[in-house]
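A note on names: the letters A, B, ... follow the listed sequences, proteins ahead of strands, and every chain is numbered from 1. This is a predicted model, so every value here is computed, not measured.
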Amino acid sequence: MPELPEVEVVRRGLADHVVGRTVTRAAILGARVARRHLPGPVDLAARLTGAVVRAAERRGKYLWLVVQGPDSDPEALVVHLGMSGQLRVEAPDAPAEKHLHATFDLDGDERRPNQLRFVDQRTFGGLFLADLVPDPAAATGRPAREWGVPGTITHIAPDPLEAAYDQGAVVRRLKARHTGIKRALLDQGLVSGIGNIYADEALWRAQVHGEREAASLTKPALGRVLSAARDVMSDALAAGGTSFDALYVDVNGQSGWFERSLDAYGREGQPCHRCGRPLRRESFMNRSSFSCPRCQPRPRRRR
DNA sequence: CGTTCCTCCTGCTAGC
DNA sequence: TGCTAGCAGGAGGAAC
């Protein structure tokens with residue numbers, strides 16, 4: 001499942017293979033992939049045709065291409081991969097994938113594949129156009145984003161790897177949250193980019209159970225959780241960023257996933273890498289959570 | 001506003 | 001063998 005590191009690998013691939021090129025033809029296959037583009041798929045395709053790709057940007061799990069038509073201001077083609085979305089760069093005559101939802105032909109460069117494709121099995125992902133606005137989360141005294149951010153995703157908080165991220169501010173907001181720390185980590189309005197896998201990894205590193213009430217943790221403990229989240233995603237990016245094929249903007253998440261060294265997620269019954277106790281799996285928020293019964297004791301009262 | 005719950009979707013696996 | 005149920009889960013919106 002693509003979380004911040006996987007999406008960043010995709011963004012880097014787009015920066016290498018798509019930025020600077022012009023969309024000569026756009027095709028949206030089916031309405032669902034463009035459901036968040038309110039004017040509809042025909043409008044989306046029409047507005048992309050002839051646009052130049054200026055940049056590839058990301059905040060948390062959201063990705064966007066800065067695109068600019070010949071007579072218009074730059075705008076954002078926002079892409080969310082959902083659970084199974086992939087962006088690939090391929091030859092236009094490559095066989096259509098089973099769950100192909102959009103194609104974007106890119107202007108001629110005979111040495112490079114020249115069709116960007118959006119493929120998504122579970123169709124939680126999608127594409128839409130948005131105006132670019134100044135980043136409301138820009139921290140004073142830090143470099144602002146050159147192109148701004150899409151206006152429709154200003155509710156998404158900065159992620160731990162970007163300049164606008166302010167860990168102290170997130171700690172202060174966590175101190176006011178009367179909910180489980182894991183639930184809070186997954187709230188993209190508080191800190192973005194963390195999904196179920198990296199939430200479990202961060203909590204394992206910080207030795208905190210996910211059902212501990214956020215507000216009940218000390219500020220230093222909250223800081224350790226957030227630092228662990230930043231570090232584990234940074235480590236995953238370093239490990240996954242090296243192995244993608246030039247023909248694929250993303251390896252699809254799979255090869256990065258298998259090579260990743262996880263300490264908690266999916267390790268039910270396997271020994272804790274710190275203390276040796278078998279890890280447990282708990283069902284929580286209708287999804288699985290993995291933790292060490294010794295290093296991450298459950299809170300006495302729920303939450 | 002904060003918080004919780006539900007829903008969207010397909011493919012794979014476990015169990016009968 | 002073939003069926004069903006359960007599971008995976010990001011994010012938005014409804015409901016309280």
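- One can place CD of A:E213 at 9 Å from P of B:dT3, the figure rounded to the nearest angstrom.
- Atom CZ in A:R35 sits about 10 Å away from atom C1' in C:dA11, given to the nearest Å.
- The side chain of A:K61 lies closest to C:dG10, out of B:dC9, C:dG10, C:dG12.
- Classification of A:R58 and A:D159 as a salt-bridged pair holds, one side-chain N sitting under 4.0 Å from a carboxylate O.
- If you take NZ of A:K182 and C1' of C:dG10, they are 13 Å apart, rounded to a whole angstrom.
- OP1 or OP2 of B:dT10 has not a single side-chain nitrogen or oxygen of A:K98 nearer than 4.0 Å.
- In this structure, A:T179 does not reach the B:dG2 phosphate: none of its side-chain N or O atoms is under 4.0 Å from OP1 or OP2.
- Under the 4.5 Å side-chain heavy-atom criterion for grouping Ile, Leu, Val, Met, Phe, Trp and Tyr, A:Y62 is not connected to A:V67 through any hydrophobic cluster.
- The phosphate of B:dT10 has neither OP1 nor OP2 within less than 4.0 Å of any side-chain N or O from A:Q121.
- One interatomic measurement links the two molecules: CG of A:N196 to P of C:dC7, which rounds to 14 Å at whole-angstrom precision.
- Under a 4.0 Å N-O distance rule, the pair A:D235/A:R205 qualifies as a salt bridge.
- Of the candidate nucleotides C:dG10, C:dA8, B:dG11, C:dA8 has the atom nearest to the side chain of A:R122.
- Residues A:R11 and A:A56 share a closest heavy-atom pair of NH1-O, 3.0 Å.
- Residue A:T123 places its side chain closer to B:dC9 than to any other of B:dT3, B:dC9, C:dG10.
- Comparing A:A176 and A:R287 by the nucleotide of DNA chain B that holds the closest heavy atom to each, the one mapping nearer the 5' end is A:A176.
- Contact check, A:H155 against C:dA11: no side-chain N or O comes under 4.0 Å of OP1 or OP2.
- Here C:dC7 presents its P atom at 18 Å from CD1 of A:I197, a figure rounded to the nearest Å.
- What separates CZ of A:R32 from C1' of B:dT7 is a distance of 10 Å, to the nearest Å.
- Paired runs in DNA chain C that reach 3 or more consecutive Watson-Crick or G-U pairs, where each pair keeps both distances under 3.5 Å, cover B:2-16 with C:2-16.
- Within the structure, a side-chain polar atom (N or O) of A:R183 is placed less than 4.0 Å from OP1 or OP2 of B:dT4.
- OP1 and OP2 of B:dC9 both lie 4.0 Å or more from every side-chain N or O belonging to A:S84.
- For the OP1/OP2 pair of B:dC9 and a distance below 4.0 Å, the side-chain nitrogens and oxygens of A:H99 include no atom meeting the criterion.
- Remark: A:Y62 is in phosphate contact with C:dG12, judged by side-chain N or O atoms under 4.0 Å from OP1 or OP2.
- Minimum interatomic distance between A:R12 and A:L237 (heavy atoms only, all atoms of both residues): NH2-CD2, 3.4 Å.
- A donor-acceptor pair shorter than 3.5 Å can be found between the side chains of A:D263 and A:H273.
- Out of C:dG10, B:dC8, C:dA11, the shortest distance to the side chain of A:R36 is found at C:dA11.
- The listed nucleotides are B:dT4, B:dC9, B:dG11; the one nearest the side chain of A:F124 is B:dC9.
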